[in-house]
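Quick notes on the structure that follows.
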Amino acid sequence: MNKEQTQGKAEQITGKIKETWGKLTDNDITLYNGQKEQFFGKLKEHYGLAKEDAETKLKSLEEACGTCSTDKAA
């Protein structure tokens, strides 16, 4: 996958996260890339979502976008 394709996939998942969890700020969403524990904390703070539920939903969003970050999971 080239750089443009990788960037496109990242933008797709970011867009899906924004659609799904609209209360998250752009700063909250940037935590998705590398600081997943903090990202899950923001989901719990804004939505009362348990980490396991958030991981499940996030995985389905990633699969819908054709990405998979299970190797990056915190």
Side-chain angles (χ1 to χ4, degrees):
M1 188 178 295
N2 66 31
K3 185 177 179 180
E4 290 82 20
Q5 289 172 322
T6 302
Q7 181 64 31
K9 296 289 184 186
E11 289 173 5
Q12 284 181 342
I13 190 67
T14 298
K16 289 287 186 184
I17 290 170
K18 285 181 182 182
E19 286 176 20
T20 304
W21 296 300
K23 293 179 187 177
L24 294 177
T25 66
D26 288 341
N27 287 337
D28 294 340
I29 293 171
T30 60
L31 297 172
Y32 165 77
N33 292 316
Q35 297 177 323
K36 288 235 171 111
E37 289 299 319
Q38 290 180 7
F39 178 75
F40 293 133
K42 292 294 183 178
L43 288 174
K44 183 169 183 147
E45 177 183 327
H46 291 292
Y47 293 95
L49 198 58
K51 180 182 175 186
E52 295 79 20
D53 295 333
E55 287 175 329
T56 301
K57 182 64 177 174
L58 191 57
K59 183 171 179 160
S60 71
L61 293 176
E62 290 170 346
E63 289 171 352
C65 292
T67 64
C68 186
S69 68
T70 54
D71 59 325
K72 294 189 262 177

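Source: prediction; values computed, not measured.
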Just so I know, are the side chains of [X] and [Y] near enough to count as touching, which here means a heavy-atom distance under 4.5 Å?
| X | Y | answer |
| --- | --- | --- |
| Lys51 | Glu37 | yes |
| Lys42 | Trp21 | no |
| Lys36 | Leu58 | yes |

In chain order, what residues pass the side-chain contact (heavy atoms from CB on, under 4.5 Å) check against [X], with sequence neighbours excluded?
| X | result |
| --- | --- |
| Thr25 | Asn27, Asp28 |
| Lys18 | Thr14, Asp26, Ile29 |
| Thr30 | none |
| Gln38 | Leu31, Gln35 |

In Å, rounded to the nearest 0.5 Å, how long is the span from [atom1] of [X] to [atom2] of [Y]?
| X | Y | atom1 | atom2 | result |
| --- | --- | --- | --- | --- |
| Ile13 | Thr20 | CD1 | OG1 | 8.0 Å |
| Lys57 | Lys16 | NZ | NZ | 9.0 Å |
| Glu55 | Glu62 | CD | CD | 10.0 Å |

Glu11: which residues meet the salt bridge (Lys or Arg N to Asp or Glu O under 4.0 Å) condition with it, sequence neighbours left out?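 So Glu11 forms no salt bridge (Lys or Arg N to Asp or Glu O under 4.0 Å) with any residue.
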
Taking Tyr47 for its side chain and Ala54 for its backbone only, find out whether a donor-acceptor pair lies under 3.5 Å.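 Not at all, since once roles are kept as given, no pair shorter than 3.5 Å links the two residues.
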
